[in-house]
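Chain A is the first sequence line, chain B the second, and so forth, proteins listed ahead of strands; every chain is numbered from 1. The shown structure was predicted, so the numbers you read here are calculated from the model rather than taken from an experiment.
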Amino acid sequence: MPASIPGRIELLQGTLDMLILRTLLFGPAHGHQIAKHIQRTTEDLLQVEHGSLYPALHRLERKGWIAARWEPAAKDLKREFKYYRLTAAGKKQLLAEESKWKQMTGAIARVMWPAEEG
Amino acid sequence: MSWRLNDGWWTWLSRERRELDLERELRCHLDVEAEEQSQAGVPDEEARYAAQRALGNATLIREDTRAMWEWSSVERLWQDFRYAARIMARRPVFTAIAVLSLAIALGANTAVFSFARAVVFKSLPVPGAERLVILRQRNETFHMENCCFPYRFFAELRKQDTGFEDMLAVNPTEIKLTDAGQTEKLQAEIVSGNYFQMFGVRPAAGRLLSDSDQQAGAASRVCVISYRLWQERFGGRPDVVGRRVLLDAEPYQIVGVSEAGFSGAALHEPHDLQIPGSTAAYYQDAGDAKGWGQLVARLKPGVTLDQARARLNVIGKQVERAVGPKMSQYDDFLLRDGSQGVDSKKEQFGKPLLLLLMLVAVVLLVACANLAALLLVRSVERMREAGMRVALGASRPALFRQFLVESLLLSVTGGLAGWLLAQVLIQALLDLLGPQGDGLLLQVRPDKTLFLFSAAAALAAGLVFGLLPAWRAAHADPMPAVHGTPIGSGRKWLVSRFIVAGQVALSLALLFSAGLFAQTLRNLRSIDLGFHPENVSLLRIDLSGTTYRDQRASNYFDELLRRARQLPNTRAASLAQISVLSGSMEMITVTIPGYASPNHLTPTTYFNTISSGYFRTLGIPLEAGRDFTANENNANNNEVAVIVNEHFAHEFFAGDALGKEFLYGGGIKSRVVGIAGTAKFLVVKETPHSVMYLPTTRKNYFPDDLFLQVRSTSDPRTAMGELRALHQGLDPRVPIGSIATMQMQIDHALSRERLLSFLSISLALVAVALAAIGLYGVLSFSVARRMREIGIRMAVGAERQRILSLFLKESTWVVVGGIALGAPLAFLSGKLASSLLYGVQPQDSGAAVLAMALLIGVALAATAIPAWRASRVDPIVALRHE
């Protein structure tokens with residue numbers, strides 16, 4: 001297992017679902033792409049152990065927020081990947097989580113930096 | 001939402017596909033990651049490992065992902081079961097021992113429980129059965145309890161204000177039902193009109209009886225049949241209501257069918273037909289023994305048994321003074337538990353069955369302990385497997401579950417086999433009980449409750465023996481498994497030794513009580529009966545209900561006797577009204593000139609009516625005087641010639657009875673013509689009792705129900721066949737009451753003791769065998785575990801003798817500890833059984849020594865093999881071990 005790189009933040013419990021859903025808003029993606037995307041957009045700050053992605057993907061699939069299908073890759077038609085895409089229920093869920101998250105971060109920000117508010 | 005259901009369904013069906021899917025998905029991930037790594041300049045084989053590191057613990061990921069799938073808990077269980085089944089198949093000997101011992105223990109538990117439930121726990125299927133009581137009255141004159149009361153007394157008592165809500169009269173009888181030309185013997189009840197109303201039984205068809213049927217008189221002869229008879233005899237046809245049938249050759253009309261499940265006032269003796277008392281013309285005639293009935297009452301809510309009895313003793317005695325029967329003022333009324341109705345077998349078999357239930361529970365405990373010890377030993381063996389799986393990322397709850405599932409699979413398999421075995425055992429127990437068990441047939445049949453009991457016992461057993469090994473496995477240390485060092489510390493191994501010691505203790509208790517019961521049976525069998533039962537066959541003929549009446553009946557029996565005596569192998573033959581040790585007797589008062597009773601009571605004696613040759617047939621010595629002649633008292637009506645037994649002669653005539661006169665039955669003159677030896681009459685255990693014999697040939701006596709007794713040189717089976725042929729040749733229309741040998745009759749009289757002795761010995765042997773298996777298994781493992789140590793010891797010069805004694809000593813401690821633990825248990829079990837013993841003390845030392853000796857012998861044999869094997873070990877091989 002890789003030693004944790006200094007400066008990386010352990011992913012908050014429960015936020016992985018939201019990140020996955022948000023990632024899939026751009027269009028279908030397979031597991032590796034999702035992991036890389038999260039890593040890249042957070043500029044490697046968020047550490048997503050690739051393995052922890054799969055239980056989350058299967059859970060989201062079972063809840064009906066995402067759907068999966070094996071499809072040939074866009075670049076290389078000979079290779080197939082399991083692509084996940086957002087469902088209508090998933091979009092709704094993403095909106096709900098997003099507003100919840102905004103409320104929470106806003107609330108935390110008000111506590112942490114009260115001066116900037118006023 | 002339907003798509004989720006479909007999704008789940010799909011998952012369930014294509015478990016394999018989903019596994020493959022996940023594997024493929026992970027492989028794709030690793031491929032892409034490895035490609036990216038190598039593009040970034042990492043060497044190819046390094047790239048693969050880097051990808052794996054980035055992915056993390058693959059086993060854990062798979063488990064976690066599977067956990068997300070629908071139905072996964074059921075599937076996991078299914079997987080565990082399949083795995084457990086493979087493990088079971090891989091260890092056939094262990095599995096066979098486990099399943100077989102569980103099947104025996106669970107089967108025995110189920111079978112004995114079905115009897116205990118029928119005899120002890122069940123009550124009549126009527127509302128308020130728990131408040132039912134049976135009226136009895138102490139009878140000081142005859143040292144007995146009156147079961148029955150005349151109808152007049154019942155009718156009068158019912159009018160009084162007692163502690164009872166209501167009260168009914170019932171008189172069980174055998175009746176011949178003739179319908180459509182076919183005759184069949186049935187158990188019937190002659191009942192008071194309020195019978196069904198008080199029991200709260202509803203009709204399944206037609207109507208039931210009411211008080212008006214009681215008053216109707218002989219003009220309207222009606223009866224009610226049971227649901228079972230309706231279904232089995234009349235095919236459940238609705239036209240059975242109003243149907244005319246013959247009961248004992250008299251015309252009756254079936255007016256209704258009682259509801260399903262109701263089979264009369266006796267839980268342990270089903271009755272299929274009820275006739276109102278008046279139409280049977282029975283209850284009116286108080287002089288006839290058949291006119292008396294048993295009284296069942298239901299207590300008013302809130303009235304206690306004691307209150308009701310106190311009230312009954314005032315009112316009941318007033319009623320007795322007014323309408324009879326004549327009883328002494330000391331004859332108190334008693335109330336017995338009536339929740340099982342009349343003729344309950346609880347008194348006779350309740351205690352032994354509860355005791356047996358305890359014994360089988362102990363055997364189950366021994367079987368569980370045995371499996372726990374063996375599984376513990378194996379769980380130590382399998383520590384390596386468990387440790388490896390923990391190292392590979394299996395969660396501890398998953399391991400725990402998997403090991404427990406293995407135990408449960410064993411117990412469920414054992415339970416199913418036990419359920420099948422129980423059906424065989426129930427039949428065997430019924431056979432063992434003989435005619436006593438006939439009435440229980442309906443009550444011991446397997447049903448839902450019994451199956452639930454059986455299943456619960458199996459699951460409980462699985463938990464009992466599976467929890468500890470599963471817990472042990474779940475806490476396996478991965479390190480020794482990874483390092484390959486020996487596993488199973490001494491402390492852990494100690495637990496299984498304690499369990500085996502516990503097994504030894506329980507086995508000792510079982511062996512000891514088995515010894516007590518066997519000794520009891522032996523004592524009862526070796527009691528001097530005062531006669532010789534060997535080679536005596538008995539044929540009972542009941543002429544009531546046939547066309548043979550009075551003198552014709554007498555002639556029939558005379559002819560039967562004459563022909564029996566002409567059989568080539570007959571040594572002696574005779575007739576008797578009562579067959580000894582059959583459980584029936586008759587008593588009568590006697591008035592002896594010059595004899596003063598030591599208490600205020602009128603003296604009584606047993607009596608029997610016999611033909612000449614009775615004493616020769618049974619082998620009872622005639623001590624003085626003579627036997628009856630072939631036509632004793634044929635003409636003389638003034639004085640009856642009697643033979644008395646020695647006890648009678650000593651009790652009433654100080655030994656000098658021959659030729660003496662006395663009165664019996666309130667004034668019949670009699671003279672003693674012979675004195676016979678004192679023989680057992682009613683039960684094997686009885687203290688000597690006075691018996692008076694009257695001649696069958698006495699004037700105006702016309703028997704209709706007699707035993708033909710034949711002493712023959714033929715073997716018993718042939719002799720019974722000869723009697724059957726004899727009866728056929730005389731008049732085949734006359735039904736055979738019963739046919740048996742005297743030995744069979746004695747066996748029936750001892751059925752309770754035989755049941756206890758046979759079952760306790762079988763159970764004890766099973767327990768001992770299990771303890772031996774446990775000891776053998778645990779010691780074998782100890783030898784295997786210490787192979788390296790043995791090798792070293794031998795390498796440094798230890799003799800084989802020493803190695804042998806090392807292991808013998810080890811098991812000696814287990815056995816000695818078990819015996820020390822078991823001794824108090826054994827004496828406790830003896831104490832519990834004390835009321836069922838005869839001629840043996842509950843702390844009998846002989847049985848104790850025997851039990852210990854047997855146990856030590858078996859234990860020695862079980863340890864000798866592994867210990868000897870240890871001493872034969874080749875040190876080179878042993879050191880290379882592991």
What part of B:E36 gets closer than 4.5 Å to chain A, counting heavy atoms only: side chain, backbone, both or neither? side chain
Presence of salt bridge, B:R62 and B:E19, under 4.0 angstrom: no
Could you tell me whether A:R22 and A:E97 make a salt bridge, using a distance below 4.0 angstrom between a side-chain N and a carboxylate O? no
If I measure from the heavy atoms of chain B, does A:Q33 come under 4.5 Å with its side chain, its backbone, both, or neither? neither
Check whether any side-chain N or O of B:S38 sits under 3.5 Å from a backbone N or O of B:P43 as a donor-acceptor pair, and report yes or no. no
For the residue pair B:W419 and B:F451, categorise the inter-ring angle as parallel (less than 30°), tilted (30 to 60°) or perpendicular (more than 60°). perpendicular
Measure distances from B:L30 to the heavy atoms of chain A and classify the residue's part below 4.5 Å as side chain, backbone, both or neither. neither
